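Take a look at the structure below.
Ligands are counted one by one from 1 in listed order, and the atoms in each one are counted from 1 as well. Just so it is clear, the structure is predicted and the values come from calculations on it, not from any experiment. These values consider heavy atoms only, across backbone and side chains, with no hydrogens, waters or symmetry-generated copies.
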Amino acid sequence: MAFEGLTERLQKAMRNLRGKGKVSESDLRKTMREIRLALLEADVNFSVVRKFVKTVQERAKGADVLEGLNPAQQIVKIVDEELTKTMGEEATPLNKSEKIPTVIMMAGLQGAGKTTTAGKLSLKLKNEKDARPLLIAADIYRPAAIDQLEQVGKEIDVPVFQKGTDVDPIEIVKQGMQVAKENHNDYVLIDTAGRLQIDEKLMDELKNIKELTHPDEILLVVDAMTGQNAVNTAEGFNDALDITGVVLTKLDGDTRGGAALSIREVTQKPIKFIGQGEKMDALDVFHPDRMASRILG
Ligand code: GDP
């Protein structure tokens, strides 16, 4: 289960304060040390941990919490609020263009869940906004990627524009955009190529697609199971592409929590959606407060 270790350790750290009418500074220091270790063990970025611990400690000391009524409960509340803040405070809606189509460019490393998420998001737009999306298959390097997108398109009844693997991705996107215009599609989702790691050629290609389509949304798909690597990937893509948001996938797995808790702070870009399964309906809007509650258990 996701966050299992983190939840257990945070609860344990704060259990020590329970029942205490008054919490001494040394009690607080001990609790904060345990929280710090719990976060580091969950693979949360070091500077995010440092800032988090400092803020919680200062708030706990500052607001007469230690002397006040039910200090343990108040500290739990502060931790909850600061976890929420670390993950972005509030849900961030998908950008929408004033005139159709709204262009959503999907980016991410191979295996992160980009193609699956492109399908899930199309279905969500269809179901919730009555949208008529078009999917563009621009990953020509992995032949199976196009078949996969076509299959996804069939499953959710969304058209897929593809030109096989022999046409340049920029040309495919150009033609796909034209088709969307002719058919009055209100959303276009571009499934771009992924690699095993960030490389310059890939980034150049993505930059060219960005320049051509002026996307309203560049969503980076990252695998929550990869912890700090997901955070580094997000930093790399953000530096090159100035992404507009992140989709964190595989939160149905036993991820430790590092990616969810670090990405917003490190990149300053919002997590917009979370993937919680392989099925097409397993995509949810990311709510930082709900995630904080889930982490605290
Ligand atoms: P891409 O290479 O980035 O396009 O990745 P894919 O979309 O092909 O996904 C890679 C694998 O991850 C596939 O087996 C997907 O079914 C799976 N996957 C994607 N998102 C999720 C998710 O949220 N949860 C789980 N459990 N699996 C996912």
Would Asp139 count as a contact residue for ligand 1, given that I'm defining contact as a non-hydrogen atom of the residue lying under 4.0 Å from a ligand atom?
no
So, Gln175 and Glu171: side-chain donor and acceptor under 3.5 Å apart, yes or no?
yes
Judged by non-hydrogen atoms, does Val221 sit under 4.0 Å from ligand 1?
no
the protein heavy atom lying closest to atom 22 (C) of ligand 1 turns out to be Gly277 O, 3.2 Å
What's the shortest distance from atom 11 (C) of ligand 1 to any protein heavy atom, and which residue and atom give it?
Lys250 NZ, 4.1 Å
Taking everything shown except Lys126 itself, do over 12 heavy atoms lie less than 6.0 Å from its NZ?
yes
For Glu89, does its backbone N or O pair with a side-chain atom of Thr84 as donor and acceptor, under 3.5 Å?
no
Please report which non-hydrogen protein atom sits nearest to atom 16 (O) of ligand 1, along with the residue it belongs to and the distance in Å to one decimal place.
Glu278 OE1, 2.7 Å
Considering only the protein, which heavy-atom contact is closest to atom 7 (O) of ligand 1, and what is its distance?
Thr116 OG1, 2.5 Å
May I ask you to check if ligand 1 and Thr117 share an N or O to N or O distance below 3.5 Å?
no
Between Gln110 and Tyr141: side-chain donor-acceptor atoms closer than 3.5 Å
no
Could you check whether atom CD of Glu200 has more than 12 heavy atoms from other residues, nucleotides or ligands sitting under 6.0 Å from it?
no
Contact (N/O only, under 3.5 Å) between Thr249 and ligand 1
no
Which residue and heavy atom of the protein sit nearest atom 26 (N) of ligand 1, plus the separation
Asp252 OD2, 2.7 Å
Under 4.0 Å from a heavy atom of Leu109: give me the atoms of ligand 1 that qualify, with their elements.
3 (O)
Please round to the nearest 0.5 Å and tell me the distance separating atom CG of Asp80 and atom CE of Met14.
8.5 Å
Proximal atoms of ligand 1 relative to Gln276 (non-hydrogen, under 4.0 Å)
23 (O)
Checking Glu217 against Thr244 for the side chain to side chain donor-acceptor pair (under 3.5 Å) test, could you report, in this order, the C-alpha distance in whole Å, the side-chain angles of both residues, the deciding distance, and whether it holds?
CA-CA 6 Å; Glu217 197 68 81; Thr244 57; 2.4 Å; yes
Against heavy atoms of Gln110, which atoms of ligand 1 measure under 4.0 Å?
2 (O)
Do other residues, nucleotides or ligands put more than 12 heavy atoms under 6.0 Å from the CD atom of Gln197?
no
Return yes if a side-chain donor-acceptor contact under 3.5 Å exists between Asp284 and Gln276, otherwise no.
yes
Min side-chain heavy-atom separation Pro288-Glu90 under 4.5 Å
no
Under 4.0 Å from a heavy atom of Gly275: which atoms of ligand 1 are those, numbered in the order shown and with their elements?
23 (O)
What protein heavy atom sits nearest atom 3 (O) of ligand 1, and how far off is it?
Lys114 N, 2.7 Å
For a 4.5 angstrom cut-off between non-hydrogen side-chain atoms, does Phe273 reach Leu94?
yes
Could you grab the distance from atom NE2 of His287 to atom CE of Met87, nearest 0.5 Å is fine?
12.5 Å
What is the nearest protein non-hydrogen atom to atom 8 (O) of ligand 1, stated with its residue, atom name and distance?
Gln148 NE2, 2.8 Å
Taking C-beta and beyond as the side chain, do Asn238 and Gln268 meet within less than 4.5 Å on heavy atoms?
no
Are Gly253 and ligand 1 in contact, using a heavy-atom cut-off of under 4.0 Å?
no
N or O contact, Leu251 vs ligand 1, cut-off under 3.5 Å:
no
Please write down residue, atom name and distance for the protein heavy atom closest to atom 2 (O) of ligand 1.
Gly111 N, 2.7 Å
Please report whether ligand 1 has a polar contact with Ala282, defined as an N or O pair separated by less than 3.5 Å (distance criterion only).
no
Indicate, as side chain, backbone, both or neither, the part of Met225 found under 4.0 angstrom from ligand 1 when only non-hydrogen atoms are considered.
neither
Has Ala112 got any heavy atom lying under 4.0 angstrom from an atom of ligand 1?
yes
